[in-house]
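In the text below, chain A, chain B and the rest are named by the order of the sequence lines, each starting its count at 1. Being a predicted model, the structure only gives us computed values, none of them experimental.
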Amino acid sequence: MLAKTAGQPPRTLAAQLVAALPAIAGIDKIEIAGPGFINFRLSAAAHQALVAKILSAGATFGQSRLGAGKKVQVEFVSANPTGPLHVGHGRGAAYGAVVADLLEAVGYAVQREYYVNDAGRQMDILAVSVWLRYLELCGEVLPFPSNGYRGDYVWDIAATLHREHGDHYRCAAAEVIADLPADAQPEDPTTGDKEAHIDALIARSQALLGEERYRQVFDLGLNTILDDIRDDLAQFGVNYHTWYSERSLAQRGAVTQAIERLQASGAVYEQQGAQWFRSSDFGDEKDRVLVRDNGQSTYFASDVAYHCDKFARGFDRVINIWGADHHGYIPRVKAALQALGEDVGKLDVLLVQFAILYRNAEKVQMSTRSGEFVTLRQLRHEVGRDAARFFYVMRRSEQHLDFDLDLAKSQSNDNPVYYVQYAHARVSSVLRQAAERGIEITPSADSTHLERLTQPQEVALLKTLDRYPEIVESAALNAEPHQLTHYVRELANEFHSYYNAHQFLVDDQALRDARIKLILAVRQVLRNGLALLGVSAPDTM
RNA sequence: GCGCUCGUAGCUCAGCAGGAUAGAGCAACGGCCUUCUAAGCCGUGGGUCGCAGGUUCGAGUCCUGCCGAGCGUGCCA
C-alpha cells in the first residue's frame with residue numbers, strides 16, 4: 001500500500017520496514033512473503049493466554065465499547081397491522097433483532113422500535129373487511145369487496161365481535177351496498193374501480209356505524225392483530241422497547257407540523273389542489289404529494305413527521321430496516337430530512353430481500369391478496385425457532401434468500417443449525433462424561449497447563465477463537481449477521497475435527513486440564529455467538 | 001424507458017475500504033464407530049469469478065459499456 005507513495009517496490013519496502021521494527025512481546029517471528037507481505041507470527045503463548053481470557057470474560061467475551069454508548073435506534077418489521085406476520089416479515093424480524101443485538105454488543109445504546117401503521121386507508125379497509133364478515137355472521141347477504149382482506153383471521157375477529165356484541169353493529173345489507181360505485185370483477189378488472197368501490201364502502205361504513213361504533217370495530221381489528229404480532233415476535237425472541245403509533249403522531253399534530261416545517265422551508269407548492277414536496281430538488285426522481293386534493297395527508301407525510309420525531313429524540317444514528325421493495329422510498333425520506341436541515345448522514349436504511357420458501361425442491365407459492373401466505377407462526381411451528389432465526393440471517397440481507405424448509409427441519413449434518421448446536425452439546429457431553437468417570441475438573445480461568453495445547457487442531461481452534469471479537473465488531477458495523485453464522489459454523493467445524501482426532505479425557509492430568517479449558521472456551525464462544533443470533537445453545541441433543 | 005440490487009464450483013452461498021495458489025456447505029466418489037453423542041470426522045474430483053474494455057506493480061473486489069435476473073417507478077401504504 002505504501003509502495004506508491006514511497007516510490008519503491010513493495011518487497012524492498014517491506015524489508016526496510018521489518019529491519020526497522022523493534023522486538024515485540026508476543027510476536028515470535030516476522031517474515032516477508034509473496035509480493036511484499038509482512039507476516040507477524042504470534043507466539044503460541046499469546047494464543048494460549050486467550051483461553052484464560054475467554055473463560056474469565058464468560059458471556060461478555062466478544063463485547064466491546066466501540067460504540068461508546070452512542071444512542072442508536074433500530075426500527076424494524078413495522079408491518080401494517082392488517083394481518084398476521086408472514087415469512088417475509090420474519091426475515092426482517094430476525095435480521096433487525098440480530099443487528100440490534102450486535103450493535104449493543106459493541107457498545108451502542110440501542111433502542112428497538114416498531115412503527116405501527118395504525119392509521120390510514122389500509123386499516124380502514126381492514127375495519128370494513130371485519131365489519132362485512134360480521135354482517136355475514138349476522139345473516140346479512142352481501143358481496144365482499146375485491147380489495148378487502150380475505151384471511152381467516154378476519155372471520156375470527158368478526159366472530160369475536162358477533163359473540164360479544166350480538167347485533168349491536170348490524171345494519172341492513174341493502175343500506176350498506178346502496179349506490180356504491182361498481183367493484184372490479186376478478187374475471188374482468190375493467191368492469192369497475194376497486195379503489196373507488198372500497199373508498200365508498202369505507203365512507204358508507206363510517207356513516208352507518210357512526211364515529212364511535214366505527215372506531216370500536218376498527219380498534220378491535222387493530223388490537224387483535226397487534227396483539228397477535230406482539231405475541232408472535234416475542235415467541236420468535238424479538239423484543240421491542242417501543243411500539244410507536246402512527247395515529248398518535250397525527251393526534252398530537254405532528255404531521256401537520258412536519259408539513260408546515262416543509263412549507264416554511266419553501267420546498268412545498270400547490271398543484272391541482274394537492275400539496276407537493278419538491279423532493280426532486282434533493283435528489284429524488286420526482287416530487288411527492290404530502291396532502292391529497294381531498295385534504296387527506298399521505299403516508300409519506302406521516303413518515304416525514306415520524307422521521308422528524310426520530311431525529312428530535314436525539315439519536316446519534318437511526319437505522320431503518322425495510323423490505324427491499326421499498327427501496328424507491330429512500331430518496332424521498334432523505335430529501336425531506338435534508339429540506340428540514342437535518343443531518344441525513346445519521347439515517348441508514350438497510351434493505352432486506354424477500355425470502356422464498358422451498359418445500360420438496362419446489363417454490364411455495366404465496367399471494368397476499370388472496371390471504372394465502374405462510375405466516376411466520378406457521379414457519380416457526382414447522383421448523384422451530386432456532387432454525388428459522390439462523391436460516392433467516394445466514395445470507396447477506398440484500399441477497400434473495402432461498403429458505404429450504406426440508407433442510408431447516410432435517411436433523412442431520414446438512415443442517416447448519418444442528419451442526420453448530422451439536423458442537424456445543426458435545427462439549428457439555430464431555431463434561432458429563434468426566435463427571436461420570438469421577439474425573440475432577442477444575443475450570444480455573446488461569447493459563448496453567450495451556451502450553452500443552454500444541455496439536456494442529458488445537459492451534460487452529462485458538463486462532464479461530466481469537467478472531468471472535470473482530471467478527472462481532474465487523475458484523476455489527478457492517479450490519480451483516482451472516483458473518484457470525486459463518487463464523488460459528490467454522491468454529492463448530494474445527495471443534496468437530498478436534499473431537500474426532502483427539503481424546504480430551506486423557507490420563508495425563510495437565511494435558512487433560514488444558515484440553516478441557518480449551519473446549520470450555522469453545523463452548524463459551526459458541527454460546528455467545530448463538531445468543532447474538534437468537535439461537536439456543538442446548539447441552540444435550 | 002429510467003432508478004436500485006444482484007450475476008463466483010452442478011446447487012446454495014462466502015470473499016468486495018484492491019493484494020499471496022479464489023473458499024465453505026450441499027450434491028458426487030472413496031474411507032473412519034470395542035474409545036468423550038457418527039446430528040461427527042478424513043480424503044478425492046469440480047471454477048474463462050456473466051461478457052468486453054479501462055485504472056493499477058497487482059482487479060472476483062474500483063470505473064465504463066453490454067448481456068441476463070429481481071424489485072421499484074401512484075394524489076397506495
Using the [atom1] atom in both, what is the distance from [N] to [M], to the nearest Å?
N: C62(B); M: C6(B); atom1: P; answer: 9 Å
N: A59(B); M: U8(B); atom1: C1'; answer: 14 Å
N: C13(B); M: G54(B); atom1: C1'; answer: 30 Å
N: U12(B); M: C75(B); atom1: P; answer: 38 Å
N: A24(B); M: G46(B); atom1: C1'; answer: 14 Å
N: A27(B); M: G18(B); atom1: C1'; answer: 34 Å
N: C49(B); M: G7(B); atom1: P; answer: 14 Å
N: C26(B); M: A77(B); atom1: C1'; answer: 40 Å

Check whether the side chain of [X] and the base of [N] form a donor-acceptor pair under 3.5 Å.
X: H326(A); N: G72(B); answer: no
X: Q503(A); N: U35(B); answer: yes
X: Q272(A); N: C75(B); answer: yes

Is [X] close enough to [N] that one of its side-chain N or O atoms is under 4.0 Å from OP1 or OP2 there?
X: R396(A); N: U5(B); value: no
X: Q399(A); N: A14(B); value: yes
X: H482(A); N: G15(B); value: yes
X: S497(A); N: C42(B); value: yes
X: Y419(A); N: C41(B); value: yes
X: Y499(A); N: A38(B); value: yes
X: N478(A); N: C16(B); value: no

Once you round it to whole Å, what is the distance between [atom2] of [N] and [atom1] of [X]?
X: I125(A); N: A77(B); atom1: CD1; atom2: C1'; result: 9 Å
X: H486(A); N: C13(B); atom1: NE2; atom2: P; result: 11 Å
X: E494(A); N: C41(B); atom1: CD; atom2: C1'; result: 14 Å
X: L407(A); N: U12(B); atom1: CG; atom2: C1'; result: 9 Å
X: L505(A); N: C36(B); atom1: CG; atom2: P; result: 10 Å
X: I198(A); N: G74(B); atom1: CD1; atom2: P; result: 22 Å
X: D284(A); N: G72(B); atom1: CG; atom2: C1'; result: 12 Å
X: I519(A); N: U37(B); atom1: CD1; atom2: P; result: 11 Å

For [X], answer base if it contacts any base atom (sugar-phosphate contacts may also be present), sugar-phosphate if it contacts only those atoms, and nothing otherwise; contact means non-hydrogen atoms under 4.0 Å.
X: D404(A); value: nothing
X: Y329(A); value: base
X: Q271(A); value: base
X: H502(A); value: base
X: A501(A); value: nothing
X: N117(A); value: nothing
X: T540(A); value: base

Selection from [options] that lies nearest to any side-chain heavy atom of [X]:
X: H327(A); options: U37(B), C71(B), C13(B); result: C71(B)
X: H496(A); options: C6(B), C41(B), G72(B); result: C41(B)
X: M541(A); options: C75(B), U37(B), U12(B); result: U37(B)
X: R395(A); options: A39(B), C13(B), A38(B); result: C13(B)
X: Q122(A); options: A77(B), A39(B), G72(B); result: A77(B)
X: E398(A); options: U37(B), G15(B), C6(B); result: C6(B)

On RNA chain B, does the nearest nucleotide to S429(A) precede the nearest nucleotide to Q353(A) from the 5' side, or the other way round? Give the residue.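 With S429(A) and Q353(A) compared, the 5'-side residue is Q353(A).
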Please compare D325(A) and Q483(A) by the position of their nearest nucleotide in RNA chain B and report the one closer to 5'.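 Checking each residue's closest nucleotide, the 5'-ward one belongs to Q483(A).
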Hey, does the side chain of N223(A) reach the backbone of D219(A) with a donor-acceptor pair shorter than 3.5 angstrom?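 It does hold such a pair.
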Both distances under 3.5 Å, Watson-Crick or G-U wobble: report the partner of [N], or none.
N: G72(B); value: C2(B)
N: G10(B); value: C26(B)
N: C41(B); value: G31(B)
N: G46(B); value: none
N: C51(B); value: G65(B)
N: A20(B); value: none

May I ask you to establish whether R150(A) and F144(A) are in a cation-pi arrangement, using a distance under 6.0 Å from NZ or CZ to the six-membered ring centre and at most 45° from the ring axis?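 Relative to the ring axis of F144(A), which defines the angle, R150(A) lies outside at least one limit.
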Where do Y487(A) and Y468(A) land on the ring pair (Phe, Tyr, Trp, His ring centres under 6.0 Å) test, with the steps shown first? CA-CA 8 Å; Y487(A) 173 85; Y468(A) 179 69; 5.6 Å; yes
Counting only heavy atoms from other residues, nucleotides and ligands, does the tally under 6.0 Å from CG of N294(A) exceed 12?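 Atom CG in N294(A) is packed in, count exceeds 12.
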Within 6.0 Å of NZ in K194(A), more than 12 heavy atoms from elsewhere: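 No, NZ of K194(A) has 12 or fewer neighbouring heavy atoms, counting only those of other groups under 6.0 Å.
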Side-chain contact test, heavy atoms from C-beta onward, threshold under 4.5 Å: evaluate it for [X] versus [Y] and give yes or no.
X: Q421(A); Y: D386(A); result: yes
X: V51(A); Y: L462(A); result: yes
X: V417(A); Y: Y419(A); result: no

Can you tell me if H400(A) is stacked onto the base of A69(B), using a 5.5 Å centroid cut-off and an angle below 30°?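 Given the distance and angle limits, no, they do not stack.
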Y95(A)-F76(A) aromatic ring centre distance below 6.0 Å: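 Here the rings of F76(A) and Y95(A) have centres that are no less than 6.0 Å from each other.
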Chi-based syn or anti call at C71(B), which uses purine or pyrimidine torsion atoms and a 90° bound: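 Anti conformation here, the glycosidic angle of C71(B) being more than 90° from 0.
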Applying side-chain contact (heavy atoms from CB on, under 4.5 Å), name anything that partners Y269(A), two or more places apart in sequence or on another chain.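 If we apply the side-chain contact (heavy atoms from CB on, under 4.5 Å) test to Y269(A), skipping adjacent residues, the hits are Q271(A), W276(A), R278(A), D287(A).
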